[in-house]
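Working notes for the structure below.
For this chain, numbers begin at 1 and follow the sequence in order. Everything quoted here is computed from the prediction, not taken from an experiment.
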Amino acid sequence: MSDLEARSASRQWIDTGSGPGRMQPVIDPKAARADTAYREFLDHSQNCPGSCRIGVNCATATKLQHVWRDAKNEAIS
């Protein structure tokens, strides 16, 4: 199981039809979206040719940060 799955997955019982059933991870799409937005923000911040490299967010980083925040809040609610 990947790190993303571990943080954003719950487990659901699957009936296999014959024999014992099993538990299967089910990824929460809201949590996965927040994780993806955070990775995009970090990737930009580390590779930005502009002001992000000196610790000041550029306009793109600010937009990505807002997208991440909104996705994170949606996943919590």
Side-chain angles (χ1 to χ4, degrees):
M1 180 180 294
S2 73
D3 187 41
L4 171 62
E5 290 173 330
R7 285 182 280 149
S8 59
S10 59
R11 300 190 65 75
Q12 179 180 29
W13 178 258
I14 302 296
D15 186 4
T16 58
S18 64
R22 62 186 170 90
M23 296 295 285
Q24 176 175 334
V26 179
I27 295 175
D28 176 9
K30 289 180 180 178
R33 206 173 352 211
D35 204 47
T36 300
Y38 181 65
R39 289 181 187 174
E40 288 176 6
F41 170 67
L42 287 181
D43 184 52
H44 172 79
S45 296
Q46 293 172 352
N47 298 308
C48 178
S51 59
C52 290
R53 297 190 57 94
I54 59 170
V56 179
N57 285 352
C58 69
T60 301
T62 301
K63 288 177 188 175
L64 290 170
Q65 190 174 24
H66 288 297
V67 168
W68 166 54
R69 184 190 61 214
D70 293 344
K72 182 176 67 170
N73 289 339
E74 181 182 324
I76 292 171
S77 61

What residues form a salt bridge (charged side-chain N to carboxylate O under 4.0 Å, His left out) with Glu40, not counting sequence neighbours?
-> none

Side-chain heavy atoms of Gln65 within contact of Ser45, under 4.5 Å | no

Locate the shortest heavy-atom distance separating Cys58 from Cys48; write the atom from each residue and the value.
-> SG-SG, 3.9 Å

Which distance, rounded to the nearest 0.5 Å, do you find between the CG of Leu64 and the CG of Leu42?
-> 10.0 Å

Sort and list the pairs that fulfil ring pair (Phe, Tyr, Trp, His ring centres under 6.0 Å) and have at least one residue in residues 57-77, not counting sequence neighbours.
-> Tyr38-Trp68

Asp43 backbone acceptor or donor facing Asn47 side chain under 3.5 Å = yes

